[in-house]
Amino acid sequence: MPEPGYWLFKSEPSAYSFSDLMSEEDQTAEWDGVRNYQARNFLRDDVKLGDRVLFYHSNAKPIAVVGTATVVREGYPDFTAWDPDSDHPDPKSSPDNPIWFMVDIKGDAELPNPVTLKRIRSTPGLEECSLFKRPRISVHPITKAEWDIILDLAQREEN
DNA sequence: GCCAACGTTGGC
DNA sequence: GCCAACGTTGGC
């Protein structure tokens, strides 16, 4: 196995939370509904089987990384785009010419302590997080070093 | 609920 | 291809 890649996926828990993922059969879900080209490119081209994912709650209390997951299926067309009854229809996308892509992830474990955005902001080594550079995309690449720091923070309560 | 930042759309 | 208007994200 090559070294996995590391990612941070954002979700609004009111729409889909980490506990929703853990409640799925086999803790596995389609990461559908991404409708941003940069994020789409990551999902289509760069997110690989076996890559590790930090699950981040945006617009939430707390705003924080709350769990980890693993990519169990690589990029494939997001068929919810051409379903007019889905939550994120896009009439420009079709089976013959898919615009949007998704992956499947499997939830691994809830973090012992959520790692809040505030804490991420104030922790040395996390200043360069993609989260801060492109604040509005829902899929962010992170480095192994950043992954390790965040998982380490999760072992200790925020003071 | 506000609003800043940024992505997208569409007229020209 | 420019750019103003508009929509969305997401922290506060």
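The shown structure was predicted, so the numbers you read here are calculated from the model rather than taken from an experiment.
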List, with names and distances, any nitrogen or oxygen atoms from the protein found under 3.5 Å away from nitrogen or oxygen atoms belonging to nucleotides 2-11 of chain B.
unit_1 : atom_1 : unit_2   : atom_2 : d
B/dC6  : O2     : A/Arg136 : NH1    : 2.6

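- Using a 4.0 Å cut-off between a side-chain N of Lys or Arg and a carboxylate O of Asp or Glu, A/Lys133 and A/Glu128 qualify as a salt bridge.
- Every residue two or more places apart in sequence or in another chain that forms a side-chain hydrogen bond (donor to acceptor under 3.5 Å, both in side chains) with A/Asp26 is listed here: A/Lys106.
- In this structure, A/Phe132 reaches neither bases nor backbone, as no heavy-atom distance under 4.0 Å exists between it and the strands shown.
- Heavy atoms only, all atoms of each residue included: A/Asp104 and A/Thr28 are closest at CB-CG2, 4.4 Å.
- Residues A/Asp108 and A/Arg52 are paired through a salt bridge, judged by an N-O separation under 4.0 Å between the basic side chain and the carboxylate.
- Taking A/Ser94 as the reference, nothing meets the side-chain hydrogen bond (donor to acceptor under 3.5 Å, both in side chains) condition, with sequence neighbours excluded.
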